[in-house]
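One structure is given here, and the rest of the page talks about it.
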Amino acid sequence: MNVVLLGSAISFVLIDVSLALTALVVGFISALWYVKISQGTEGGQVAIGGCEKEVQENDAERADMAVHQLRDLAHNMAVDVNEHSNQVEQINGKLGRLPGGELQENGAVVAEAIAQIVIANEKLQSKLEDAEGKISAQAEELRSQHSEASTDSLTQLANRRAFDDALAKGVEESQTSKKACTLLIFDVDHFKKFNDTYGHQAGDEVLRGVGQTIKQIVKSHDIPCRYGGEEFAVIMRDTRIADGRVGAERVRKAIEAMKVQFEGKTLKVSASIGLAEIEVGEDSAKLIRRADEAVYAAKEAGRNCGYWHNSRQCLPMSQDEDMAEATRSNQPESANQTVAENSISGQSTAAVSLSELPDLSVFSDELRRRIYESHRFGVPLSLIHLQVRDYQELESEYGTAVGGMLLDSVAQFIRSSLRDMDLLGKFEPGDFVVMLPGSSKSEAKLVGSRVQTSIANCPVPLGDEQLSLDINWGIATVSPDDDSTQLLTRAQQKMEMSQNTETVGARV
């Protein structure tokens with residue numbers, strides 16, 4: 001056997017192995033680098049401020065450090081492989097300079113060359129194993145950060161950012177692959193009153209318990225999320241509305257049966273549930289709006305119950321669509337008209353008085369807490385400033401007493417369009433402000449439109465005449481480093497801008 005051929009064969013085999021291992025490592029590093037970049041892109045979509053901004057900056061530094069370490073590791077691996085290749089080439093060169101002949105004539109030289117190659121290979125193998133351990137550690141670091149970025153810290157459910165991504169994917173699959181997707185949304189009933197009675201720590205314990213409960217009760221392919229504040233959601237992919245109604249009732253009963261122990265007290269809550277299935281051509285915002293409307297229907301029905309939306313109306317979870325059509329056809333025309341008016345106005349049986357609403361001072365205190373929550377957890381927060389059009393002229397014409405009655409009516413219309421977690425406050429005479437925790441600008445716009453429709457379609461009886469009211473409104477969403485004064489001022493400015501538009505609507 002020719003010695004040169006033997007040396008060449010050995011060297012090329014070892015070089016190929018080394019290059020294959022290097023390619024594997026570099027490929028893995030590239031994948032981790034992509035994860036880091038994708039995390040940075042997602043993180044940039046969330047408004048942050050205060051101490052939470054420092055936390056997220058620290059997280060970014062951790063990710064950057066991990067990636068830099070991986071890049072250094074890739075460079076070192078390339079150097080090590082190059083050094084190994086040079087060693088093998090030198091040995092191969094020595095073998096190539098030997099005179100031709102049989103293997104046994106140069107056996108000692110070949111044996112020494114093989115020994116040197118084995119030593120070089122073992123050295124490289126050791127470095128590869130060390131690199132593999134470092135890569136695994138850095139990969140775990142990046143995976144941990146990715147998990148933290150998509151998980152609500154209190155409930156350990158998917159957070160709002162993860163909810164938006166998962167719902168968008170579910171909607172896309174539904175439209176392209178004709179797969180079903182049903183959305184469940186629910187509020188913990190009377191949660192603000194619960195917090196006022198037992199304190200925010202007790203409230204947090206209840207929310208944590210709700211998160212654990214729904215995680216245990218939903219199907220494995222469902223995605224339970226904390227939507228915002230005391231509002232939760234479950235994305236039911238590959239689930240039709242009929243099966244979703246069964247699952248929704250199971251969730252409601254589980255929350256009703258839940259017992260939370262806190263400081264020697266046994267705390268219990270209930271939930272109002274809304275359900276809707278994606279329809280052809282529908283986007284995420286419309287699906288959320290229909291599920292949200294079903295939640296309002298559950299609240300108006302007395303809470304601790306569930307309703308589903310069939311694209312035309314909200315029905316109790318136990319009521320099928322054909323039963324609803326039969327019931328509507330058997331109702332007299334006046335009854336159907338009353339149902340339609342109530343559906344448009346969203347009127348609730350609970351009366352709201354202007355004197356019961358928090359003033360600007362009390363509202364600002366709660367707003368400061370919600371802004372901190374938004375900055376800390378990346379939860380959206382929106383404000384709507386509403387103003388009764390021409391209120392000063394109406395009060396001047398009809399008197400203070402009538403003006404107060406009109407404002408009570410407006411407050412009733414606004415309150416009936418809100419969730420329990422939303423806060424309605426009084427501003428200046430004729431002006432209101434609404435805080436919407438967990439609501440984006442587009443969702444706040446839906447609320448504003450719903451309020452405006454309620455007021456415009458339900459004139460206030462005033463003696464022998466019907467007085468039609470209208471509103472101007474503007475929306476502001478929380479920004480980095482916002483405080484309560486800045487956010488309130490911006491919402492008011494948006495409302496004032498809407499006064500100069502010819503069409504009824506809001507500046508956002």
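All values below come from the heavy atoms of this structure, side chains included, with hydrogens, waters and symmetry mates left out.
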task = Apply the test salt bridge (charged side-chain N to carboxylate O under 4.0 Å, His left out) to residues E249 and R245: give CA-CA distance (whole Å), side-chain angles for both, the deciding distance (0.1 Å), then the verdict.
result = CA-CA 6 Å; E249 183 62 12; R245 286 160 57 191; over 6 Å; no
query = Given D482 and R490, is the salt bridge (charged side-chain N to carboxylate O under 4.0 Å, His left out) satisfied, shown in steps?
reply = CA-CA 10 Å; D482 255 343; R490 201 159 63 250; 2.7 Å; yes
inquiry  = One pair to check against side chain to side chain contact (heavy atoms under 4.5 Å, CB included): W473 and S449. What are the steps and the verdict?
reply    = CA-CA 9 Å; W473 51 286; S449 297; 4.0 Å; yes
request  = Go through V188 and E231 one step at a time and tell me if the side chain to side chain contact (heavy atoms under 4.5 Å, CB included) criterion holds.
outcome  = CA-CA 7 Å; V188 178; E231 195 168 14; over 6 Å; no
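Side-chain contact between Q412 and R415 is absent, with no heavy atoms from C-beta onward closer than 4.5 Å. No side-chain heavy atom of V362 sits less than 4.5 Å from a side-chain heavy atom of L357. L424 has its side chain out of reach of V433: every pair of non-hydrogen atoms, C-beta onward, lies at least 4.5 Å apart. Side-chain contact between Q466 and V460 is absent, with no heavy-atom pair separated by less than 4.5 Å. In this structure the side chain of I471 never reaches within 4.5 angstrom of the side chain of Q387, judged on heavy atoms. Residues F432 and L354 have side chains in contact (heavy-atom distance under 4.5 Å, counting atoms from C-beta outward). A 4.5 Å side-chain heavy-atom check between L467 and L406 finds at least one atom pair inside the cut-off. Contact check for I214 versus L157: side-chain heavy atoms found under the 4.5 Å cut-off.
To the nearest 0.5 Å, the span separating CG on D164 from CD1 on I288 amounts to 6.5 Å. Summarising the geometry, atom CG belonging to L287 is positioned 7.5 Å from atom CD1 belonging to I185; distances are rounded to the nearest 0.5 Å. A distance of 10.0 Å separates NZ of K219 from CG of D238, quoted to the nearest 0.5 Å. Taken to the nearest 0.5 Å, the CD atom of Q156 stands 6.0 Å off from the NZ atom of K215. One distance of note links CE of M405 with OG1 of T400; it measures 12.5 Å at 0.5 Å rounding. Of the inter-residue distances, the one linking L488 atom CG with M435 atom CE reads 9.5 Å to the nearest 0.5 angstrom.
A salt bridge links D187 to K299: at least one charged side-chain nitrogen sits closer than 4.0 Å to a carboxylate oxygen. Using a cut-off of 4.0 Å between Lys/Arg side-chain N and Asp/Glu carboxylate O, D196 and K192 are scored as salt-bridged. Look at R290 and E293 and you find no salt bridge, because none of the NZ, NE, NH1 or NH2 atoms lies under 4.0 Å from a carboxylate O.
Closest approach of I384 and A444 over heavy atoms only: CD1-O, 3.4 Å. The two residues D152 and T155 come nearest to each other via the heavy atoms OD2-OG1, 2.7 Å. Minimum interatomic distance between V447 and S417 (heavy atoms only, all atoms of both residues): CG1-O, 4.4 Å. A pairwise comparison of heavy atoms in A491 and L383 identifies CB-CB, 4.1 Å as the closest pair. Taking both residues in full, the closest heavy atoms of C181 and L167 are given as SG-CD1, 4.5 Å, listed atom of the first, atom of the second, then distance. When all heavy atoms are compared, the tightest approach of V295 to G274 is CG2-N, 3.4 Å.
Checked by atom type and distance alone, the side chain of R226 pairs as donor or acceptor with a backbone atom of G229 at under 3.5 Å. Side chain of Q486 to backbone of D483: a donor-acceptor contact under 3.5 angstrom is found. A donor-acceptor contact shorter than 3.5 Å links the side chain of E282 to the backbone of E279. When atom types are taken as modelled, the side chain of E277 and the backbone of I241 share a donor-acceptor pair closer than 3.5 angstrom. Formation of a donor-acceptor pair under 3.5 Å by the T151 side chain with backbone atoms of A158 is not found in this model. Here the side chain of D243 pairs no donor or acceptor atom with the backbone of T239 at under 3.5 angstrom.
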N/O donor to acceptor pairs below 3.5 angstrom from side-chain atoms of residues 253-260, sequence neighbours left out:
from, atom 1, to, atom 2, distance (Å)
E256, OE1, R252, NH1, 3.4
E256, OE2, N304, ND2, 3.0

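With sequence neighbours left out, the ring-ring contact (aromatic ring centres under 6.0 Å, His included) criterion links F427 to H385. Checked against salt bridge (Lys or Arg N to Asp or Glu O under 4.0 Å), E443 has the following partners two or more places apart in sequence or in another chain: R160. Partners of H309 under the ring-ring contact (aromatic ring centres under 6.0 Å, His included) rule, at least two apart in sequence or in another chain, do not exist in this structure.
Exactly one of K494, R389, Q452, E496 qualifies for a side-chain hydrogen bond (donor to acceptor under 3.5 Å, both in side chains) with N472. That residue is R389. Of the candidates V218, D222, V210, V218 is the only one forming a side-chain contact (heavy atoms from CB on, under 4.5 Å) with V251.
Relative ring orientation between Y198 and F194 is described as tilted, the plane-to-plane angle lying within the 30° to 60° band.
Listed by first and then second residue, the side-chain hydrogen bond (donor to acceptor under 3.5 Å, both in side chains) pairs that reach into residues 169-186 are E173-R237, sequence neighbours excluded. Applying the ring pair (Phe, Tyr, Trp, His ring centres under 6.0 Å) rule to pairs touching residues 230-250 yields F186-F232, sequence neighbours excluded.
Around the CZ atom of R240, the shell of radius 6.0 Å holds no more than 12 heavy atoms that belong to other residues, nucleotides or ligands.
R450 and Y296 form a side-chain donor-acceptor contact under 3.5 Å, judged by distance and modelled atom types alone.
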